[in-house]
Amino acid sequence: MSSEDPVLERQTWAARFGWITGGSLGLVAGFALTWLVETRALADRGRAGIELAAKLSGVAVPVCFVVGALLGHAYGLRGGALRYRLLGTAAGLGLAVLAWALLVAIR
């Protein structure tokens with residue numbers, strides 16, 4: 001084993017944590033964007049506005065997820081030990097909140 005293996009492993013995991021965190025934030029941003037468009041811009045259109053917002057959601061949410069995941073990956077890949085700990089904590093909290101939300105939705 002070389003001395004670079006721990007650094008490379010930390011960098012790899014930081015990129016993974018960044019991907020999870022960025023993807024989660026992108027997902028939330030996509031839903032928030034869709035909600036804002038539906039409630040603010042398309043509220044006066046009635047049923048047609050809701051259908052248009054649903055179509056927009058089908059594009060905006062995945063795009064925001066991918067953009068967030070790629071930005072988070074890049075952020076984690078270039079970071080040091082501080083970003084590693086920060087992104088690891090954020091990814092853990094994000095997964096815990098996701099599990100809680102799924103439990104609430106299933107009930």
Side-chain angles (χ1 to χ4, degrees):
M1 292 206 138
S2 67
S3 63
E4 293 180 0
D5 286 340
V7 172
L8 182 61
E9 185 175 343
R10 184 180 70 221
Q11 188 179 29
T12 301
W13 276 102
R16 290 174 184 162
F17 290 150
W19 189 92
I20 293 169
T21 303
S24 300
L25 290 174
L27 192 66
V28 169
F31 281 117
L33 174 68
T34 302
W35 178 80
L36 282 173
V37 168
E38 184 177 349
T39 58
R40 302 290 187 240
L42 302 175
D44 58 342
R45 292 189 181 190
R47 186 75 182 150
I50 294 172
E51 291 173 5
L52 186 59
K55 289 179 184 176
L56 174 68
S57 176
V59 174
V61 172
V63 167
C64 287
F65 171 79
V66 169
V67 168
L70 291 175
L71 288 174
H73 179 83
Y75 178 78
L77 193 62
R78 293 194 180 108
L82 178 63
R83 284 188 189 178
Y84 174 68
R85 287 191 299 269
L86 177 69
L87 289 170
T89 303
L93 285 172
L95 291 175
V97 167
L98 177 64
W100 170 78
L102 287 174
L103 283 173
V104 168
I106 290 172
R107 292 178 98 198

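Any value given below was found using the heavy atoms of this structure, including those in side chains, with hydrogens, waters and symmetry copies removed. Bear in mind that the values here come from a model prediction, so they are computed numbers and not experimental data.
Note on L70 and F65: same hydrophobic cluster, where clusters join Ile, Leu, Val, Met, Phe, Trp and Tyr whose side-chain heavy atoms are under 4.5 Å apart, directly or indirectly. Hydrophobic cluster membership differs between L27 and L93, with clusters built from Ile, Leu, Val, Met, Phe, Trp and Tyr side chains linked at under 4.5 angstrom. When hydrophobic clusters are built by joining Ile, Leu, Val, Met, Phe, Trp and Tyr residues whose side-chain heavy atoms come closer than 4.5 Å, directly or via intermediates, V28 is not grouped with L36. One hydrophobic cluster, built from ILVMFWY side chains closer than 4.5 Å, cannot hold both L71 and I20; they sit in different ones.
A heavy-atom distance below 4.5 Å is not found between the side chains of Y84 and Q11. Residues L56 and L52 form no side-chain contact, since every pair of their non-hydrogen atoms from C-beta on lies 4.5 Å or further apart. Between Y75 and L87 the shortest side-chain heavy-atom distance falls below 4.5 Å.
In this structure, G76 and A14 approach most closely via the heavy-atom pair O-CB, 3.3 Å. The shortest heavy-atom contact between W19 and A69 is NE1-CB, 3.5 Å. The two atoms that bring P62 and S57 nearest to each other are CD-O, 3.7 Å, heavy atoms only. Contact between R78 and R83 at its shortest, heavy atoms only, is C-NH1, 3.8 Å. Nearest heavy atom pair, residue A91 against residue T21, reads N-OG1, 3.3 Å.
Between F17 and W13, the ring center distance clears the sub-6.0 Å criterion.
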